[in-house]
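Okay, so here's the structure we're looking at.
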There are 2 protein chains.
Amino acid sequence: MDPHLLRTYVTVTRLASFSAAARALGYTQSAVSQQVAALEQDLGTPLLTRRPVAPTRAGERLLEHAGPLLLRLQAARADIAALVGAPDGGLTLAAAPTALTHRVLRALPPTGVTLRVLPRADVPEAVATGGADLGLVDGLAAPNDPLRLADVAPLTTRGAGQEPVCVLLPAAHPLARRAGLRLADLADARWLDAPGAGLPLDHLRTATGSTGFRPALRYEGTDLQALTALAAAGHGLAVVPRSAVRDTDGLAAVPLTAPRVVHRTELLYAGAPRGAAADFAARLDLTRS
Amino acid sequence: MDPHLLRTYVTVTRLASFSAAARALGYTQSAVSQQVAALEQDLGTPLLTRRPVAPTRAGERLLEHAGPLLLRLQAARADIAALVGAPDGGLTLAAAPTALTHRVLRALPPTGVTLRVLPRADVPEAVATGGADLGLVDGLAAPNDPLRLADVAPLTTRGAGQEPVCVLLPAAHPLARRAGLRLADLADARWLDAPGAGLPLDHLRTATGSTGFRPALRYEGTDLQALTALAAAGHGLAVVPRSAVRDTDGLAAVPLTAPRVVHRTELLYAGAPRGAAADFAARLDLTRS
DNA sequence: CACCCCCGATAAGCGCCGCTGATGGTGCCC
DNA sequence: GGGCACCATCAGCGGCGCTTATCGGGGGTG
């Protein structure tokens, strides 16, 4: 189970070709063939069907393991490398789109910042693999509960703010005049599914334990403005943190009263923040409400 | 970052000796020395101080990664192996002590079962590495919330029951006559810390967001009977699922009313349950309350 | 229907990596 | 101060894994 073999195997399945994988990895086709054979012999079972090249059942299981494994390996490398290399003075921040609250933006140093906006699921990976010094992720959680993140590597999380959430709906919606809304009452409504930009629907489902929240339109961008416009135009409801609500024609934003859920933002880092990253983290703490 | 080198490095740090690690791993001392040197060169930094042999800062970081990495690797192996080998008909069940509710015990097949009671933290590992076909873990959670488990490997969880929890206190305790108790009111009391048997104190802390719950006595066994006796004798309070409460001299069990937490039991498995494991899982589902 | 091309498996050869055994240097304990 | 236990280093060698070369087969095309 050499990581080398694992990487080759993953590449072969991804490209569905021994030869293409060989070209991609800088090997000969023969080497790739031998590597896959070695892996299969090691595990005692075929992992791929040839012609066409596709994973067997065992191969599919292995793929599920291989990704996180290689990721963790890379994370370990990056972690040590970060400890060795001197901090370069700059600060790279990976953030989910809705995690960029005003409080965060205010705490940013004036220069030397690189901001990478990523889908929320990619943020921990970016921090773990050294693609960013710090990460900001957000999500719905019970008050004071930490967020649930995939543990690609031993990352430290620190709360970076909580705020109420609102439901976005067209102003003409029958419920738009309400002072507060219960999420359970909206399970049968049509929702915007915005895994990149906002809070994906399965977050709502786990938060309420419901199986509802059928998607109306799936939005794959990361832009909140567009999401807001979609909600105003009646393409579906959305849940966003209150501070992300902007006055928009035809839009109503009603606070969510039940379940008691807050929009929570967390700061992520590997090891201890250093240099500009430490400064930023400290400044973020100072503005704690 | 060969897993081989990683394993050697971990062994060296654990034994704090190159020579001892070499003996343990079946290498010569020379080989171990070269392996560690290779790892250090690969990562570009010293990982160990010699004389005495102890990890450097970078080495400590690496250790944090190496454990889960090697575990995952082993889990992947075991996962594939389980897929290859025919199910042996038997069923090995790894369970946390308090996860063995009556409902679980009733669903067990009459023969061919091996029951391994482990500390809760070890259950996912046992399932992932093939030490058990199924796992049962329990813990406190908000109603309908899944438990938080370390994801050593892609494991599937399935709810296997929820029930209210009670606080165990001596019958002479001033609060023993109450009909219900709020956990927050008990943060300053002295608690039994039973990481093996019951619900460790940090579970209570995360559940309430409190930093209280100072331990009075630390109990390292896995026996609930002893824990109950300790509570009755006034050595500290404990929280247990209601069904685990037995009539005991001098013991009072008061339902916990706030926060709204339940004792939740979950079934864990890698891939899809097969053979006797599938039967058991289905029977557990049938008795769903 | 036959040819050809592309793909993957296999064989042979070789270079390099990593192991062993031996030796050197160093701190610690007696 | 001597001996010992420990780790580093060196030389040598065996085997692993790569490349090159070749074979077998399947599908597309003329």
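Convention: sequence-line order gives letters A, B, ...; per-chain numbering from 1. These figures come from a predicted structure and were not determined experimentally.
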Tell me the interatomic distance from [X], atom [atom1], to [N], atom [atom2], rounded to whole angstroms.
X: Glu40(A); N: dT10(C); atom1: CD; atom2: P; answer: 10 Å
X: Leu25(A); N: dT19(D); atom1: CG; atom2: P; answer: 11 Å
X: Arg50(A); N: dA9(C); atom1: CZ; atom2: C1'; answer: 9 Å
X: Asp2(A); N: dG15(D); atom1: CG; atom2: P; answer: 20 Å
X: Phe18(A); N: dT19(D); atom1: CZ; atom2: P; answer: 16 Å
X: Leu39(A); N: dG17(D); atom1: CG; atom2: P; answer: 12 Å
X: His4(A); N: dC17(C); atom1: NE2; atom2: P; answer: 12 Å
X: Gln41(A); N: dG17(D); atom1: CD; atom2: P; answer: 11 Å

Quick one, Gln35(A) with Thr8(A), criterion side-chain hydrogen bond (donor to acceptor under 3.5 Å, both in side chains). Give me CA distance, side-chain angles, the key distance, then yes/no.
CA-CA 7 Å; Gln35(A) 286 187 18; Thr8(A) 298; 2.4 Å; yes
Would you state whether a donor and an acceptor, one from the side chain of Ser30(B) and one from the base of dT9(D), lie under 3.5 Å apart?
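Result: at least one qualifying N/O pair found.
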Under 3.5 Å, is there a donor-acceptor pair linking the side chains of Gln34(B) and Ser30(B)?
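A donor-acceptor contact under 3.5 Å links the two side chains.
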Counting side-chain heavy atoms from C-beta on, which of [options] comes nearest to [X]?
X: Gln29(B); options: dC7(D), dT20(C), dT20(D); result: dC7(D)
X: Ser33(A); options: dA9(C), dC7(D), dG8(C); result: dA9(C)
X: Gln34(B); options: dC7(C), dC18(D), dT20(C); result: dT20(C)
X: Thr28(A); options: dT19(D), dG21(C), dC6(D); result: dT19(D)

Only one of Asp2(B), Leu62(B), Leu48(B), Val12(B) passes side-chain contact (heavy atoms from CB on, under 4.5 Å) with Leu39(B); say which it is.
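When Asp2(B), Leu62(B), Leu48(B), Val12(B) are each tested with Leu39(B), the side-chain contact (heavy atoms from CB on, under 4.5 Å) holds only for Leu62(B).
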Tell me what Val32(B) touches on the nucleic acid: a base, only sugar-phosphate, or nothing, going by heavy atoms under 4.0 Å.
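Counting heavy atoms under 4.0 Å across all strands, no contact is made by Val32(B).
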Under 6.0 Å between the ring centres of Tyr9(B) and His4(B)?
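Tyr9(B) vs His4(B): aromatic centres not under 6.0 Å.
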Test log, rule side-chain contact (heavy atoms from CB on, under 4.5 Å), inputs Asp193(A) and Leu217(A):
CA-CA 6 Å; Asp193(A) 191 10; Leu217(A) 183 147; over 6 Å; no
